[in-house]
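The structure under discussion appears below in the form of structure tokens.
No hydrogens, no waters, no symmetry mates; every other heavy atom, side chains included, goes into these values.
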Amino acid sequence: MQIFHDPGHRAHESLSELHEGALVRSFECPERMDVILSALAEAGFALPQAPPPVPWQALQAVHDTAYLRFLETSHDRWVAEHGPGDALPFTWPMPGLRRAPVPKALDGALGAYNFSVDTAITAGTWAAATGAAACAVAAAGVVSAGAATAFALGRPPGHHAHADLYGGYCFLNNAAIAAEDLRRAGAAQIAVLDIDYHHGNGTQAIFYDRADILFLSLHADPAVEFPYFLGHACETGEGPGEGATQNYPMPHGTEFAAWTERLEHACGRVAAHGSDALVVSLGVDTFEGDPISRFRLQTSDFPAIGARIARLRLPTVWVMEGGYAVEALGRNVAGVLQGYLNDCV
């Protein structure tokens with residue numbers, strides 16, 4: 001398995017985030033990559049490769065150009081207007097307030113493009129986010145060229161990012177970028193399987209009216225969990241995409257037996273779809289010890305997840321998403337990938 005990783009992710013580190021009414025160090029931290037890399041090396045995986053720079057057109061295939069320019073320049077503008085520190089919004093366009101046009105003032109633009117206060121733009125955010133996107137494009141590229149699978153090990157994660165919205169630690173939607181790259185390379189039908197604890201609201205929104213991208217997400221019920229406003233079972237796509245979205249919301253406390261029933265159903269849908277390739281949004285924050293999640297999967301459960309996905313026998317791009325129990329994170333990621341490779345042999 002080829003692994004793509006950009007060491008430049010370290011440039012992105014938020015000073016703090018608002019969690020349960022208090023300012024705490026961001027759970028989405030650089031050490032996440034360190035423990036994953038260590039666990040993969042210990043398990044005998046190949047050394048990661050640095051990806052080439054992401055082509056601008058790969059970003060534009062998924063994201064609004066004005067939004068990309070905003071992300072690229074917003075921290076420099078913040079420093080010029082406010083001084084050093086992280087760029088954070090303080091007001092948002094709610095129902096009754098018009099969202100368009102995006103305000104010219106930076107503070108207004110931050111609110112127009114952001115949907116959650118946990119996600120700050122730092123001096124290194126643009127470099128790290130484009131580095132993670134580069135990993136996704138590189139992984140998709142080798143799979144398009146004939147590799148059975150590849151892993152985009154990047155941060156920040158991406159599945160909460162919409163075409164023109166950031167939040168939930170996400171700025172660029174790496175899974176969507178990988179799926180689009182596979183399409184451009186000739187795959188007619190793509191399945192995106194999101195197994196992160198939180199709903200992949202950005203990926204859903206980007207592909208909601210598309211018939212060529214099947215999106216399936218296993219996640220905590222948005223009635224009780226972030227991102228709250230998308231991810232319900234009744235959301236099935238619209239227009240040409242009607243029926244190409246399926247959500248599997250689950251209650252707090254879900255254990256592996258119940259969770260894997262939904263995985264089995266989702267894999268059945270992928271198999272019936274006639275997909276030419278698969279993109280997996282790999283979140284392991286379903287782990288029982290995750291500090292911001294409430295499922296009860298054990299470390300011993302993760303290899304079975306990889307093994308079930310392997311039985312789809314599809315060219316597969318893995319894209320790293322969430323997982324914040326740093327001590328166990330590496331073992332859980334390595335477990336999924338080992339389970340996948342063991343079943344491929």
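Side-chain contact, H162 with N201: a donor N or O sits under 3.5 Å from an acceptor N or O. When only modelled atom types and interatomic distance are considered, T245 and Q204 share no side-chain donor-acceptor pair under 3.5 Å. Donor-acceptor pairing under 3.5 Å is lacking for the side chains of S281 and D196. Residues N114 and T119 bring no donor and acceptor atom of their side chains to less than 3.5 Å of each other. At a cut-off of 3.5 Å, with distance as the only test, no side-chain donor of H5 or Q49 sits close to an acceptor on the other residue. In summary, the side chains of N174 and E321 do not present any donor paired with an acceptor at a separation below 3.5 Å, with no hydrogens or angles considered. E242 and T236 form a side-chain donor-acceptor contact under 3.5 Å, judged by distance and modelled atom types alone.
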Inset, instruction - Take T65 and Q60 through the side chain to side chain donor-acceptor pair (under 3.5 Å) test and state the conclusion after the steps. - result: CA-CA 6 Å; T65 300; Q60 287 181 305; 3.0 Å; yes
Inset, instruction - For side chain to side chain donor-acceptor pair (under 3.5 Å), just list the numbers for D118 and S26, CA-CA rounded to whole Å, side-chain angles, deciding distance to a tenth of an Å, and then say yes or no. - result: CA-CA 8 Å; D118 60 357; S26 178; over 6 Å; no
Inset, instruction - Mind running side chain to side chain contact (heavy atoms under 4.5 Å, CB included) on L68 and L172 for me, showing each step along the way? - result: CA-CA 9 Å; L68 293 171; L172 300 175; 3.6 Å; yes
Inset, instruction - With side chain to side chain contact (heavy atoms under 4.5 Å, CB included) as the test, would you mind laying out the steps for D194 and L218 before giving the verdict? - result: CA-CA 6 Å; D194 191 320; L218 285 65; over 6 Å; no
Inset, instruction - Begin from the C-alpha positions of L153 and L37 and carry the test side chain to side chain contact (heavy atoms under 4.5 Å, CB included) through to its verdict. - result: CA-CA 9 Å; L153 177 56; L37 288 167; 3.6 Å; yes
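Partners of H82 by ring-ring contact (aromatic ring centres under 6.0 Å, His included), not counting sequence neighbours, listed by chain and number: W78. For the side chain to side chain contact (heavy atoms under 4.5 Å, CB included) test, residues two or more places apart in sequence or in another chain that qualify with R10 are P30, D34.
Salt bridge status for R69 with D64: absent, with no side-chain N to carboxylate O gap under 4.0 Å. In summary, R25 and E31 engage in a salt bridge, as defined by a charged side-chain N under 4.0 Å from a carboxylate O. Residues R210 and E180 are paired through a salt bridge, judged by an N-O separation under 4.0 Å between the basic side chain and the carboxylate.
At least one donor-acceptor pair closer than 3.5 Å links the side chain of D86 to the backbone N or O of L15. Between the side chain of N247 and the backbone N or O of P249 there is no donor-acceptor pair closer than 3.5 Å. For the pair R32 (side chain) and E28 (backbone), a donor-acceptor distance under 3.5 Å is absent. Within the 3.5 Å criterion, the main-chain N or O of C170 finds no donor-acceptor partner in the side chain of H160. D181 contributes no side-chain N or O that, together with a main-chain N or O of I177, makes up a donor-acceptor pair within less than 3.5 Å. For the pair T122 (side chain) and G124 (backbone), a donor-acceptor distance under 3.5 Å is present. A donor-acceptor pair is defined here as one N or O able to donate and one able to accept, closer than 3.5 Å; such a pair exists between the side chain of T130 and the backbone of A127. Looking at Q298, its side chain does come within 3.5 Å of a backbone N or O of R296 through a donor-acceptor pair. No donor-acceptor distance shorter than 3.5 angstrom exists from the side chain of T254 to the backbone of H252, with no hydrogens or angles considered. Remark: side-chain polar atoms of D221 are not paired, donor with acceptor, to backbone N or O of P251 under 3.5 angstrom.
Counted within 6.0 Å of CZ on R294, heavy atoms from surrounding residues, nucleotides or ligands total 12 or fewer; the atom is thus considered open. Within 6.0 Å of CZ on R308 lie more than 12 heavy atoms contributed by other residues, nucleotides or ligands.
D6 and G131 get closest at one heavy-atom pair: OD2-CA, 3.1 Å. Shortest non-hydrogen contact noted between P156 and A132 is O-CB, 3.8 Å. Summarising the geometry of R184 relative to A61, their closest heavy-atom pair is NH1-CB, 3.3 Å, with the distance given to 0.1 Å. Scanning all heavy atoms of the two residues, the minimum distance from A266 to L216 falls at O-CD1, 3.9 Å. Nearest approach of A138 to P52, heavy atoms of both residues: CB-CD, 4.4 Å.
Hydrophobic clustering keeps I195 apart from L230 (ILVMFWY residues linked when any side-chain heavy atoms are closer than 4.5 Å, directly or through intermediates). Cluster membership check: L182 does not share its hydrophobic cluster with L282, using side-chain heavy-atom separations under 4.5 Å among Ile, Leu, Val, Met, Phe, Trp and Tyr. At a threshold of 4.5 Å between side-chain heavy atoms, the hydrophobic network of Ile, Leu, Val, Met, Phe, Trp and Tyr places V317 and M320 in two separate groups. Under a hydrophobic clustering in which Ile, Leu, Val, Met, Phe, Trp and Tyr are joined whenever their side-chain heavy atoms come within less than 4.5 Å, directly or via other members, I190 and L278 fall into different clusters. Residue V137 is grouped with residue V143 when hydrophobic side chains (ILVMFWY) are merged at heavy-atom distances under 4.5 angstrom, including chains of intermediate members.
Between Y248 and H265, the ring center distance clears the sub-6.0 Å criterion. Ring centroid separation for the pair Y197 and F295 comes in under the 6.0 Å cut-off. Ring centroids of Y340 and W318 are separated by less than 6.0 Å, placing the two rings close together. Checked against the 6.0 Å centroid threshold, Y67 and Y113 count as a close aromatic pair.
A heavy-atom distance below 4.5 Å is found between the side chains of I121 and Y166. The side-chain heavy atoms of F151 and Q2, taken from C-beta on, include no pair separated by under 4.5 Å. Inter-residue side-chain proximity for L71 and T125 is flagged as unmet; no heavy-atom pair is nearer than 4.5 Å. The shortest side-chain heavy-atom distance between L329 and Y324 does not fall under the 4.5 Å cut-off. In this structure the side chain of R313 reaches within 4.5 angstrom of the side chain of D343, judged on heavy atoms. Side-chain atoms of F287 and L297, non-hydrogen and from C-beta on, never get closer than 4.5 Å to each other. Contact of the P222 side chain with the H198 side chain is not registered, since no non-hydrogen atoms from C-beta on lie closer than 4.5 Å. Put simply, the side chain of L88 does not reach to within 4.5 Å of the side chain of L110, judged on heavy atoms.
Residue F115 shares its hydrophobic cluster (ILVMFWY side chains chained together at separations under 4.5 Å) with L165, F226, Y228, F229.
Among pairs with a residue in residues 36-59, none fulfils ring-ring contact (aromatic ring centres under 6.0 Å, His included), at least two apart in sequence or across chains. Legend: salt bridge (Lys or Arg N to Asp or Glu O under 4.0 Å) pairs involving residues 271-291, not counting sequence neighbours: none detected. Residue pairs meeting the ring-ring contact (aromatic ring centres under 6.0 Å, His included) criterion with at least one member in residues 21-43, sequence neighbours excluded, are H19-F27.
Rounding to the nearest 0.5 angstrom, the gap separating the NE2 atom in H159 from the OG1 atom in T203 is 7.0 Å. Here CD of Q246 is found 11.5 Å from CZ of R262. Values are rounded to the nearest 0.5 Å. Here R155 contributes atom CZ and C135 contributes atom SG; the two are 12.0 Å apart, rounded to the nearest 0.5 Å.
Between H12 and F171, the angle of the ring planes goes over 60°, which puts this pair in the perpendicular group of the 30/60° scheme.
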